[in-house]
A.B. asks: 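Got a structure for you, written out below as structure tokens; questions coming shortly.
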Amino acid sequence: MPKTPFDSALLGNLTPEQFLSEYWQKKPLLIRQAWTHFPELIDLARLAEFAQRDDVESRLIEHQNGRWKLEHGPFSQQRLNRLPESDWTILVQNVNHLVPHIADYLYQFNFLPYTRLDDVMISYAPPGGTVGPHYDSYDVFLLQVGGQKRWQISSDDASGFIEDAPIRVLKDFNPEQEWILEHGDMLYLPPKYAHYGVALTPGMTYSVGFRAPKTQEMATKFLEFLQDEICLNGMYSDPDAKPTSTPARIDDAFVAQISQMLQQVKWDDNIVRQFIGRYFSEPKPHVFFDHAAPLEFDGFAEALGEYGIRLDLKSQMIYSDEALFINGELIEFDDASPADLTALRQLADDRTLPAAQYSDELIDLLYTYHEYGYLHPATEQ
Ligand code: SIN
Ligand code: CO
């Protein structure tokens with residue numbers, strides 16, 4: 001799979017540098033005709049098939065008679081058949097794991113690091129379909145694919161959300177700008193920018209979502225990680241102990257010594273880097289790799305030499321100067337030569353590795369990951 005070159009229409013002929021410095025995390029941008037050349041269009045039947053799978057996250061949002069209704073997938077065909085003519089939206093997460101050209105579209109945004117890129121969610125809505133006025137905590141690019149949607153946006157997010165609704169809908173929404181998006185038009189919104197999209201004719205929205213970890217999440221996950229990494233010496237001792245008449249009391253000397261022990265829990269950027277490598281390459285909970293039918297070793301080595309390889313659509317591979325990580329694991333490859341390392345970093349950045357002669361050690365390693373279902377010869381999807 002050759003790498004798709006960056007198409008300058010995507011950011012309205014701004015360079016990624018210009019976009020990042022003027023708009024990213026700062027202000028909205030409407031881009032007419034940002035992306036029109038998908039090799040195929042996903043129709044509702046295909047999206048509905050995804051929404052029926054239990055390894056795919058999907059939601060259905062209906063707004064009828066002033067009431068919001070939320071259902072989570074997987075949905076049965078009967079449930080989907082019962083949908084009315086209007087006023088609903090079906091949303092499917094991580095379509096980039098399922099459809100190669102949607103992954104190619106996501107990776108058009110790889111001027112931002114993979115630790116920040118999240119997924120492509122696709123929604124379909126008939127006329128009147130909406131998820132209500134709301135804001136998201138993350139940046140988003142909303143691409144209209146087929147049909148028309150009216151988008152209204154507002155910098156005012158002060159009203160708060162309706163308390164008893166199953167989804168986050170703003171109590172008050174005062175639009176400041178409004179556009180009708182047609183096929184290929186895209187709207188970029190920074191985090192917490194209120195927006196309200198209503199389908200005018202049946203169509204889809206492809207949302208590129210980003211990942212911005214919360215401090216609490218990072219702290220919790222880092223502490224879990226640290227638990228397995230630290231190894232501290234020493235134990236409590238009190239050779240100067242005196243008799244106590246209040247044995248239930250937690251005394252200050254005890255607190256001081258335990259506190260001193262805990263101060264041995266320390267970390268540096270190196271350990272944070274390792275944590276990031278594992279945590280940010282970890283597959284989401286519903287992701288499973290198919291390792292049902294790997295090639296035999298010789299067939300794999302031949303395919304690598306002839307076609308190259310590509311990462312599975314679900315794989316995440318990232319690296320630091322010291323280490324490489326794939327799908328939550330540290331890549332153990334102590335005898336990697338500089339050429340092997342260059343190749344692995346190229347595989348992580350480009351998600352493909354061209355046909356070439358690689359070292360036996362590297363082929364062995366790549367074969368192991370092929371057996372896990374993490375990568376495939378570039379001929380197969
Ligand atoms: C939609 O796809 O209609 C909703 C996307 C969003 O508002 O974030
Ligand atoms: Co939104």
Side-chain angles (χ1 to χ4, degrees), residues 20 24-26 54-59 61 70 72-73 91-97 103 106-107 109-121 131 134-142 157 160-161 163 165-170 188-195 207-230 232 262-289 311 313-331 348 374:
L20 293 180
W24 177 249
Q25 301 231 303
K26 299 169 198 72
D54 59 10
D55 61 342
V56 174
E57 260 181 87
S58 58
R59 283 170 295 155
I61 295 174
L70 166 69
H72 288 280
L91 307 104
V92 180
Q93 296 292 151
N94 283 291
V95 182
N96 50 294
H97 285 177
L106 174 67
Y107 294 120
F109 295 86
N110 69 3
F111 53 87
L112 287 153
Y114 295 148
T115 47
R116 289 283 273 127
L117 266 186
D118 192 356
D119 75 332
V120 178
M121 173 182 82
V131 303
H134 66 282
Y135 61 77
D136 300 300
S137 329
Y138 311 107
D139 306 81
V140 66
F141 289 89
L142 301 159
D157 62 6
F161 294 111
E163 272 103 32
I167 57 169
R168 290 163 19 122
V169 177
L170 287 168
Y188 162 73
L189 295 170
K192 295 199 87 182
Y193 215 96
H195 51 287
S207 305
V208 172
F210 290 83
R211 190 170 177 187
K214 295 197 165 63
T215 312
Q216 179 66 33
E217 173 198 346
M218 283 302 86
T220 314
K221 298 294 175 183
F222 181 62
L223 289 172
E224 274 171 26
F225 166 83
L226 208 54
Q227 186 166 286
D228 298 331
E229 296 299 309
I230 55 170
L232 303 175
L262 294 177
Q263 279 167 32
Q264 288 187 52
V265 180
K266 292 200 176 92
W267 59 88
D268 55 17
D269 279 359
N270 210 22
I271 207 127
V272 173
R273 211 170 278 122
Q274 284 180 46
F275 160 69
I276 292 173
R278 285 180 196 264
Y279 184 66
F280 283 82
S281 67
E282 213 161 74
K284 293 181 184 172
H286 60 276
V287 167
F288 298 97
F289 288 91
L311 290 180
L313 295 180
K314 291 176 273 190
S315 281
Q316 180 78 289
M317 188 174 174
I318 55 179
Y319 62 88
S320 68
D321 286 348
E322 288 77 30
L324 292 115
F325 305 86
I326 187 163
N327 298 331
E329 300 165 24
L330 170 72
I331 296 182
Y374 292 179

A.B. asks: CG/Leu189 to CD/Gln25 distance, rounded to the nearest 0.5 angstrom?
C.D. replies: 12.5 Å
A.B. asks: Do Glu282 and Asn327 have side-chain atoms, one donor and one acceptor, less than 3.5 Å apart?
C.D. replies: no
A.B. asks: For Ala212 and Arg116, which heavy atoms make the closest approach, and how far apart are they?
C.D. replies: CB-NH1, 3.6 Å
A.B. asks: Go through Val272 and Phe222 one step at a time and tell me if the side chain to side chain contact (heavy atoms under 4.5 Å, CB included) criterion holds.
C.D. replies: CA-CA 8 Å; Val272 173; Phe222 181 62; 4.2 Å; yes
A.B. asks: Taking only residues two or more places apart in sequence, or in another chain, which ones meet Ser281 in a side-chain hydrogen bond (donor to acceptor under 3.5 Å, both in side chains)?
C.D. replies: none
A.B. asks: Is there a donor-acceptor contact under 3.5 Å from the side chain of Lys314 to the main chain of Phe288?
C.D. replies: yes
A.B. asks: Not counting sequence neighbours, which residues clear ring pair (Phe, Tyr, Trp, His ring centres under 6.0 Å) with Tyr138? List them please.
C.D. replies: none
A.B. asks: Please name the pair of heavy atoms, one in Pro191 and one in Ser137, separated by the smallest distance, quoted to 0.1 Å.
C.D. replies: CB-O, 3.3 Å
A.B. asks: Do Trp24 and Phe210 have ring centres separated by under 6.0 Å?
C.D. replies: yes
A.B. asks: Consider only side-chain N and O atoms of Tyr374 and Gln316, and report whether a donor and an acceptor are under 3.5 Å apart.
C.D. replies: no
A.B. asks: Would Phe109 and Phe141 count as a ring pair (Phe, Tyr, Trp, His ring centres under 6.0 Å) if you check the C-alpha gap in whole Å, the side-chain angles of each, and the deciding distance to 0.1 Å?
C.D. replies: CA-CA 10 Å; Phe109 295 86; Phe141 289 89; 4.6 Å; yes
A.B. asks: Just by modelled atom types, is the Glu322 backbone N or O under 3.5 Å from a matching donor or acceptor in the Ser320 side chain?
C.D. replies: yes
A.B. asks: Side chain to side chain contact (heavy atoms under 4.5 Å, CB included), that's the test. Do Phe161 and Leu170 meet it? Break it down for me.
C.D. replies: CA-CA 4 Å; Phe161 294 111; Leu170 287 168; 3.8 Å; yes
A.B. asks: State whether the number of non-hydrogen atoms from other residues, nucleotides or ligands found under 6.0 Å of Gln216 atom CD is greater than 12.
C.D. replies: no
A.B. asks: List the residues meeting side-chain hydrogen bond (donor to acceptor under 3.5 Å, both in side chains) with Gln227, not counting sequence neighbours, and say none if there are none.
C.D. replies: none
A.B. asks: Quick one: are Phe280 and Ile318 in side-chain contact, heavy atoms under 4.5 Å?
C.D. replies: yes
A.B. asks: Using the test salt bridge (charged side-chain N to carboxylate O under 4.0 Å, His left out), find all partners of Arg211 that sit at least two apart in sequence or belong to another chain.
C.D. replies: none
A.B. asks: For Asp55, give me all partners under salt bridge (charged side-chain N to carboxylate O under 4.0 Å, His left out), at least two apart in sequence or on another chain.
C.D. replies: Arg53
A.B. asks: Quick one: list whatever passes side-chain hydrogen bond (donor to acceptor under 3.5 Å, both in side chains) with Tyr193, sequence neighbours left out.
C.D. replies: none
A.B. asks: Leu313 and His97: which non-hydrogen atoms are nearest, and at how many Å?
C.D. replies: O-CD2, 3.4 Å
A.B. asks: Any side-chain heavy atom of His286 within less than 4.5 Å of one from Asn94?
C.D. replies: yes
A.B. asks: Do the side chains of Val95 and Met121 get nearer than 4.5 Å, heavy atoms only?
C.D. replies: no
A.B. asks: Excluding sequence neighbours, so at least two apart, what forms side-chain hydrogen bond (donor to acceptor under 3.5 Å, both in side chains) with Arg59?
C.D. replies: Gln93
A.B. asks: Does Asp139 use its side chain to pair, donor to acceptor, with the backbone of Pro190 at less than 3.5 Å?
C.D. replies: no
A.B. asks: Quick one: list whatever passes ring pair (Phe, Tyr, Trp, His ring centres under 6.0 Å) with His134, sequence neighbours left out.
C.D. replies: His195
A.B. asks: Please identify each residue that fulfils ring pair (Phe, Tyr, Trp, His ring centres under 6.0 Å) with Tyr279, with sequence neighbours left out.
C.D. replies: Phe275
A.B. asks: Using a 4.5 Å cut-off on heavy atoms from C-beta on, say whether the side chain of Gln274 contacts that of Leu330.
C.D. replies: no
A.B. asks: Just checking, Arg278 and Phe225: is the charged tip under 6.0 Å from the six-membered ring centre and within 45° of the axis?
C.D. replies: no
A.B. asks: Using the test salt bridge (charged side-chain N to carboxylate O under 4.0 Å, His left out), find all partners of Lys284 that sit at least two apart in sequence or belong to another chain.
C.D. replies: Asp118
A.B. asks: For Tyr114, which residues count as a ring pair (Phe, Tyr, Trp, His ring centres under 6.0 Å) partner, sequence neighbours excluded?
C.D. replies: Tyr107
A.B. asks: Side chains of Ile61 and Leu91, heavy atoms from C-beta outward: is any pair under 4.5 Å?
C.D. replies: yes
A.B. asks: Please answer whether the main-chain N or O of Ile271 pairs with a side-chain N or O of Asp268 as donor and acceptor at a distance below 3.5 Å.
C.D. replies: yes
A.B. asks: Any heavy-atom pair between the side chains of Val208 and Leu117 that's under 4.5 Å?
C.D. replies: yes
A.B. asks: Which heavy atom in Gln264 sits nearest to a heavy atom in Leu232, and how many Å separate them?
C.D. replies: O-CD2, 3.7 Å
A.B. asks: Applying salt bridge (charged side-chain N to carboxylate O under 4.0 Å, His left out), can you list everything that pairs with Glu217, at least two apart in sequence or on another chain?
C.D. replies: none
